[in-house]
Q: 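My questions all concern the structure below.
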Number of protein chains: 2
Amino acid sequence: MTEQPGRRERKKAATRQKIADTALRLFAERGYDAVGIREVAAEADVAVTTLFSHFSSKEALVFEQDEDFEQRLVRAVTDRPSHEALVPALRREIHAMVRHCTADGAAPLWRMIEESPALRQYEESMRQRHAQSLATAIAADLDLPQPTPTCSAIARFVVDAFSVAREADAPQTAVDQIFRMIEAAWAVTGATPPTRKSVAV
Amino acid sequence: MTEQPGRRERKKAATRQKIADTALRLFAERGYDAVGIREVAAEADVAVTTLFSHFSSKEALVFEQDEDFEQRLVRAVTDRPSHEALVPALRREIHAMVRHCTADGAAPLWRMIEESPALRQYEESMRQRHAQSLATAIAADLDLPQPTPTCSAIARFVVDAFSVAREADAPQTAVDQIFRMIEAAWAVTGATPPTRKSVAV
DNA sequence: TCTAAAAAGCTAACCGTTAGTGTTACGGTC
DNA sequence: GACCGTAACACTAACGGTTAGCTTTTTAGA
């Protein structure tokens with residue numbers, strides 16, 4: 001896939017990184033709302049159109065790890081050890097993601113996000129996309145061609161667990177509490193915990 | 001509360017209604033993206049600033065029932081018969097809301113929403129607000145000063161039930177399926193079904 | 001009738017985003 | 001090594017949602 005990047009792709013990645021770094025630095029210095037796109041572009045020494053060819057919106061500059069999150073969720077399902085059940089695998093992953101986001105260095109970034117309505121809104125719709133991908137992965141794990149409402153619901157519950165726990169006073173404890181609920185919800189669908197390929201309507 | 005509206009408030013409400021009606025008509029006729037705010041204002045014979053004093057954004061024109069939804073959820077908790085448990089009350093309300101949204105007349109509106117990324121995004125963040133209000137109501141019902149992660153999670157599950165069911169092939173069936181999961185999730189928190197005032201950590 | 005305040009209006013801009021159109025730099029091929 | 005197709009980047013100018021600043025109209029209440 002990405003064996004030998006080549007000069008071209010290296011330059012592209014460098015440009016992208018430079019834009020993201022510049023943006024986060026300016027946002028941290030003077031606030032998200034107070035910094036305009038034209039400023040970010042100028043400071044990163046690129047054209048505005050270039051910025052938008054790397055990032056689909058101003059908010060996307062802040063959520064650079066967007067696709068990482070999405071793929072981590074999906075892989076938690078597809079790449080888990082074959083003996084492991086679905087929900088515990090997702091619980092492990094959410095634990096890790098919450099730990100990552102509540103680490104000391106990440107705090108100011110998430111505070112900025114919480115303070116900006118635009119960023120909060122973007123994050124919500126991002127999570128919604130993630131939930132859809134996860135639902136598809138869960139459906140595939142059950143040999144279903146497409147997600148049933150049950151799959152979609154569980155996927156959303158998992159993503160909700162992340163959002164709620166991240167804002168809780170005791171994030172890790174919250175993850176465990178919510179996953180006890182998810183485990184119970186999952187059990188009631190008819191899928192047996194340790195084995196795969198059960199039916200979920 | 002709203003006993004004698006008075007001329008002033010009646011006129012204000014009329015202006016608001018005229019704007020909303022005009023907007024929905026134009027959107028239906030030519031598509032959401034193809035109609036600009038300035039057009040809506042002109043057709044409704046008001047100034048753009050007046051439009052924005054009634055609606056906080058272009059998307060808000062489409063989700064006029066925003067506050068209705070929010071209050072219905074909250075009241076499903078606070079105004080339920082005292083013998084009824086929390087989750088069944090919410091199930092009834094979600095059933096009614098889904099029925100309302102999937103009625104024949106409402107179909108074109110929701111198709112328009114599904115086709116516009118901006119509207120979908122707005123809807124998601126709206127639901128998130130509703131979930132927060134619901135979480136607060138649930139917490140109050142349990143005599144908690146503020147929502148615990150458990151309350152927030154259940155509130156989100158309920159709102160998710162609406163979103164998932166609305167897009168499902170068999171909406172009403174989907175509501176029942178998802179609420180079986182929510183019931184199980186709720187049972188595991190330690191709150192006993194028929195009585196109130198149990199503990200949820 | 002007079003007044004204070006709410007509601008509506010107008011103008012002009014701000015800012016994110018995109019279309020249209022070049023220009024440069026790179027990768028694969030002869 | 002020169003060549004060509006294409007991906008990356010740049011520039012200009014605009015579009016469309018949104019808001020600030022300020023004026024005018026309308027209404028409730030004294």
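Sequence lines set the chain letters: A, B, ... in the order given, protein chains first and strands last, and positions in each chain run from 1.
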Q: A:Thr49 has a side chain; which of C:dG9, D:dA10, D:dG17 sits nearest to it?
A: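 Closest nucleotide to the A:Thr49 side chain: D:dA10.
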
Q: By the 4.0 Å heavy-atom rule, please label A:Asp45 as base, sugar-phosphate, or nothing.
A: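 The residue A:Asp45 makes sugar-phosphate contact but no base contact.
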
Q: Salt bridge between B:Arg75 and B:Glu70, side-chain N to carboxylate O under 4.0 Å?
A: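 The answer is no: the pair does not qualify as a salt bridge.
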
Q: Can you find a side chain N or O atom of A:His54 that sits less than 4.0 Å from OP1 or OP2 on D:dA8?
A: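 The answer is no; no side-chain N or O of A:His54 sits under 4.0 Å from OP1 or OP2.
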
Q: Under 4.0 Å, heavy atoms only, any strand: does B:Val46 hit a base, just the sugar-phosphate, or nothing?
A: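 It contacts sugar-phosphate atoms only.
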
Q: Closer to the 5' end of DNA chain D via nearest nucleotide, is it B:Asp33 or A:Lys12?
A: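 The residue whose closest nucleotide sits nearer the 5' end is A:Lys12.
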
Q: Using the side-chain heavy atoms of B:Phe52, tell me which of these nucleotides is nearest: C:dA8, D:dG17, C:dC26.
A: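 Minimum distance to the B:Phe52 side chain belongs to D:dG17.
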
Q: Both conditions, 6.0 Å and 45 degrees, for the charged tip of B:Lys58 above the ring of B:Tyr32: are they met here?
A: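 Yes - B:Lys58 lies over the ring of B:Tyr32, closer than 6.0 Å to its centre and within 45° of its axis.
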
Q: Check whether the side chain of B:Arg38 and the base of D:dT18 form a donor-acceptor pair under 3.5 Å.
A: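 Yes.
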
Q: Could you tabulate the donor-acceptor pairs under 3.5 Å formed by side-chain atoms of residues 19-29 of chain B, not counting sequence neighbours?
A:
unit_1: B:Asp21; atom_1: OD1; unit_2: B:Gln17; atom_2: NE2; d: 3.2
unit_1: B:Thr22; atom_1: OG1; unit_2: B:Lys18; atom_2: O; d: 2.6
unit_1: B:Arg25; atom_1: NH1; unit_2: B:Glu29; atom_2: OE2; d: 3.4
unit_1: B:Arg25; atom_1: NH2; unit_2: B:Glu43; atom_2: OE2; d: 3.2

Q: Can you figure out which of C:dG16, D:dT6, D:dG17 approaches the side chain of A:Ile37 most closely?
A: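 From the listed options, C:dG16 comes nearest.
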
Q: Could you check whether the side chain of A:Arg7 and the base of C:dG27 have a donor-acceptor pair of N or O atoms closer than 3.5 Å, going by distance alone?
A: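 For A:Arg7, whose side chain was compared with the base of C:dG27, there is no donor-acceptor pair (under 3.5 Å).
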
Q: Starting at atom CG of A:Leu61, determine the distance to atom P of C:dG16, rounded to an integer number of angstrom.
A: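 After rounding, the gap between these two atoms is 10 Å.
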
Q: What is the distance, rounded to the nearest whole Å, between atom CZ of A:Arg10 and atom C1' of D:dA7?
A: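 The answer, rounded to whole Å, is 16 Å.
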
Q: Specify the separation, in whole Å, of atom CG of B:Leu51 and atom C1' of D:dT19.
A: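 Rounded to the whole Å, the gap is 13 Å.
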
Q: Please determine whether a side-chain nitrogen or oxygen atom of A:Thr50 lies at a distance below 4.0 Å from atom OP1 or OP2 of D:dA10.
A: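 So the side chain of A:Thr50 is within the cut-off, an N or O lying under 4.0 Å from OP1 or OP2 of D:dA10.
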
Q: In whole Å, I'd like the distance from the CD atom of A:Gln121 to the C1' atom of C:dG16.
A: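 Between C1' of C:dG16 and CD of A:Gln121: 14 Å.
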
Q: Can you check the B:Glu39 CD to D:dC15 P distance for me, whole Å?
A: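 These atoms are roughly 13 Å apart.
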
Q: Of all residues at least two apart in sequence or in a different chain, which pass the side-chain contact (heavy atoms from CB on, under 4.5 Å) check with B:Ala47?
A: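 Scan of B:Ala47 (side-chain contact (heavy atoms from CB on, under 4.5 Å), adjacent residues dropped) gives B:Thr49, B:Thr50.
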
Q: Taking the six-membered ring of A:Phe162 (Phe, Tyr or Trp), confirm whether the NZ or CZ of A:Arg127 is under 6.0 Å from its centre and within 45° of its axis.
A: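 Geometry flag: not set, cation outside 6.0 Å or 45°.
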
Q: Side chains of B:Glu123 and B:Ile113, heavy atoms from C-beta outward: is any pair under 4.5 Å?
A: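 Answer yes - side chains close enough.
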
Q: Output the single nucleotide from C:dA8, D:dG16, D:dT19 whose closest atom is nearest the side chain of B:Thr15.
A: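 Ranking C:dA8, D:dG16, D:dT19 by closest atom to the B:Thr15 side chain puts C:dA8 first.
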
Q: Rounding to a whole Å, what distance do you find between A:Lys58:NZ and C:dT18:P?
A: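 Taking NZ of A:Lys58 and P of C:dT18, I get 15 Å after rounding.
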
Q: Measure the distance from CZ on A:Arg8 to C1' on D:dC9 and round it to the nearest whole Å.
A: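 From A:Arg8 CZ to D:dC9 C1': 11 Å.
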
Q: Which part of the nucleic acid, if any, lies within reach of B:Val35 when heavy atoms closer than 4.0 Å are counted: base, sugar-phosphate only, or nothing?
A: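 Sugar-phosphate contact only - B:Val35 comes under 4.0 Å of backbone atoms but never of a base.
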
Q: Could you tell me how far apart A:Leu119 (CG) and C:dG16 (C1') are, to the nearest whole angstrom?
A: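 Distance, rounded to whole Å: 14 Å.
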
Q: A:Lys11 side chain N/O closer than 4.0 Å to the phosphate oxygens (OP1, OP2) of D:dA8?
A: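 No, because none of the side-chain N or O atoms of A:Lys11 sits under 4.0 Å from OP1 or OP2 of D:dA8.
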
